Structure formats: structure tokens, C-alpha cells
Protein chains: 2
Amino acid sequence: MMNTKDANQIAIFKALSDPVRLEIIKYLKHTEHEVSCGEVGKALNISKTSGSYHFKLLQEAGLINARKEAREKYVSLNPATFDKFITKYYKNI
Amino acid sequence: MMNTKDANQIAIFKALSDPVRLEIIKYLKHTEHEVSCGEVGKALNISKTSGSYHFKLLQEAGLINARKEAREKYVSLNPATFDKFITKYYKNI
DNA sequence: AAAATGGTTCAAATGTTTTTGAACTATTTA
DNA sequence: TAAATAGTTCAAAAACATTTGAACCATTTT
């Protein structure tokens, strides 16, 4: 009764159901272009350890794109997932 | 940074981020017409206590409509919330 | 080369959600 | 009227998610 698709859907909904992660998503939505995890963390007052944890979850859910360049990790929203997934989910449930 | 709107959104995403509740939502999506909590619980093998808990959360998130008739409680999907909310959220984030 | 910076990882502590069983209310059936 | 049925509520237990701090790796700056 619980397949891989469901697991993905749940990962996405879980990712979206936390205030910190919602703030991150909002921040990324505003900025449009990619930003470093550090910038986001500072702006939203998240410790780097906690930030690391949340970015990982968002990444795993496919809600953000991440790219590591030397020391820094750059993240940006993956609008495709957020958008497409939701509509798709509602149609195929 | 966290308003009432956010709280509602989070309640909805939380509601959708649990396997049991997703099963319930799927069940309601299939049946189209209203069904009793007992029927759903039996079909999905959820204890009545646990069912009561999950139906309450879904209700509070506005994802289902519930109506009590004598002993039984009848529930049905509230497609408006599921549908409308998601699109709205993505546009106004 | 040393110190600083940006991130990750780990384990422990803390916090939140979910499940369970017992006790309960209200309604229906025998 | 007694027993059964449909749900709810409560508190405890179990499970899961999040935060914290210390230690770490790699890169950049001094």
C-alpha cells in the first residue's frame, strides 16, 4: 500500500511541513538566483549544523538544487519539483 | 516571520506528510461520496483510537469535511482545500 | 604556515508526533 | 433494559524529528 512514489511524496510534504524549511524556501523564492547556505543561514538565524540538516532534507526531497563550489555550497529552488509534483500528485492520487 | 497563514500551510503539509493520512486521503478520493470513519478504519487497518487522531488532524487542516450523524461520523475529501491551497501557496510564497 | 571560513558528520539531548489501551458518552440493536 | 456499536478522550509508551556542540575536512586568507 506504500510505494516509492508515496515515499517521495511524503518526503516532499515532510520537507514543506517545517517552519525553518519553509523560511528557507521562501528565501530562495525571493532571491531567484542561487545563494550560499551560509547566506541563508545568517539571514534566517539558523546555526550552521541545523542549516546543514535542513538543506539536506530539502535536497533529498528534490525541492532545491545544490552545487558545491570549493568551500561553499550554493542552493536554489527547484521550482519544477514544487510545482509539478503537487499538480501531478493531486491528479494521480 | 511565522504568521497564521504559515501555520495553516504547515498544518496542511503536516497532515499530508504521514503515510496513514495519505492512505485515508486516497481512500476518500476513490470513494467520492462520504463514508464513515469506521469504514475507512476497517479498510485500512487503523485502530479506532489512531483513526480518531488522524481524522481530527485532517479535519483541522481543512482537508476533509466531517459530519456527525448520531453514532457515526461521516467524512469526505474537501477538494477545495487540497487543490486551491496548493496552487495559492506556490503563487504567494 | 597559521588562522579563518564554509560545510559536514556524529552522538547526545531535547522536543514533537504517533500508537496504545482503558475508560468514557451516546446511540442502536436484541 | 442489557449488550453491542461508533467514536472520543486521556495518559503513558514508543517512535521520530530537530537542535546542539565538538570534532572534523577542505579551502581561502593573512
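All values reported here derive from a predicted model rather than from experimental measurement.
Of all nucleotides listed (C:dG7, C:dT19, C:dA22), C:dA22 comes nearest to the side chain of B:Thr49. With C:dT18, D:dG7, C:dG7 as the candidates, the nucleotide lying closest to the side chain of A:Glu72 is C:dG7. Closest approach to the A:Ser47 side chain among C:dT27, D:dT20, C:dT19 is made by D:dT20 (side chain taken as heavy atoms from C-beta onward). Of all nucleotides listed (C:dT18, D:dT18, D:dG7), D:dG7 comes nearest to the side chain of B:Ser36. Nearest nucleotide to the side chain of A:Ser50, out of C:dT9, D:dT19, D:dG7: D:dT19.
Distances shown here put every side-chain N or O of B:His54 at or beyond 4.0 Å from the OP1 or OP2 atom of C:dT17. Between A:Lys68 and C:dG7, a side-chain N or O to OP1/OP2 separation shorter than 4.0 Å is absent. For C:dT8, one of the phosphate oxygens OP1 or OP2 lies less than 4.0 angstrom from a side-chain nitrogen or oxygen of A:Ser52. Considering only side-chain N and O atoms, A:Lys14 lies under 4.0 angstrom from the phosphate OP1 or OP2 of D:dA17.
Across all strands shown, A:Ile46 has no heavy atoms under 4.0 Å from either base or sugar-phosphate atoms.
At whole-Å resolution of the value, CD in A:Glu69 and P in C:dT8 are 15 Å apart. Taking atom CD of A:Glu60 as the reference point, atom P of C:dT8 lies 12 Å away to the nearest angstrom. Between A:Leu44 atom CG and D:dT19 atom P there is a gap of 12 Å when expressed in whole angstrom units. Regarding A:Phe13, its CZ atom lies at a distance of 16 Å from the P atom of D:dA17, rounded to whole Å. In this structure, A:Asp18 atom CG and C:dT17 atom P are separated by 10 Å, rounded to whole Å. Here D:dG7 presents its C1' atom at 13 Å from CD1 of B:Ile64, a figure rounded to the nearest Å. Between the OH atom of A:Tyr74 and the C1' atom of C:dT8 there is a distance of 17 Å, given to the nearest Å. We find that CG of B:Asn45 is positioned 14 Å from C1' of C:dT19, with the value rounded to whole Å.
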Derivation of the salt bridge (Lys or Arg N to Asp or Glu O under 4.0 Å) call for B:Arg67 and B:Glu69: CA-CA 6 Å; B:Arg67 173 176 78 81; B:Glu69 186 179 324; 2.8 Å; yes
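In this model, no side-chain donor or acceptor of A:Arg71 finds a partner on the base of D:dT28 within 3.5 Å. Within 3.5 Å, no donor on the side chain of B:Lys73 pairs with an acceptor on the base of D:dG7, nor the reverse.
Separating the CG atom in A:Leu44 from the CG atom in A:Leu22 is a distance of 11.5 Å, to the nearest 0.5 Å. Atom CG of A:Leu63 and atom CD1 of A:Ile12 lie 5.5 Å apart (nearest 0.5 Å). Taken from CZ in A:Phe55 to OG in A:Ser50, the straight-line distance is 9.5 Å, to the nearest 0.5 Å.
Comparing B:Tyr53 and B:Lys48 by the nucleotide of DNA chain C that holds the closest heavy atom to each, the one mapping nearer the 5' end is B:Tyr53. The 5' end of DNA chain D is approached more closely, in terms of each residue's nearest nucleotide, by B:Lys42 than by the other of A:Val20 and B:Lys42.
Using modelled atom types, one side-chain atom of A:Thr81 and one backbone atom of A:Gly62 make a donor-acceptor pair closer than 3.5 Å.
Under the 4.5 Å side-chain heavy-atom criterion for Ile, Leu, Val, Met, Phe, Trp and Tyr, A:Tyr74 and A:Leu77 are members of distinct hydrophobic clusters.
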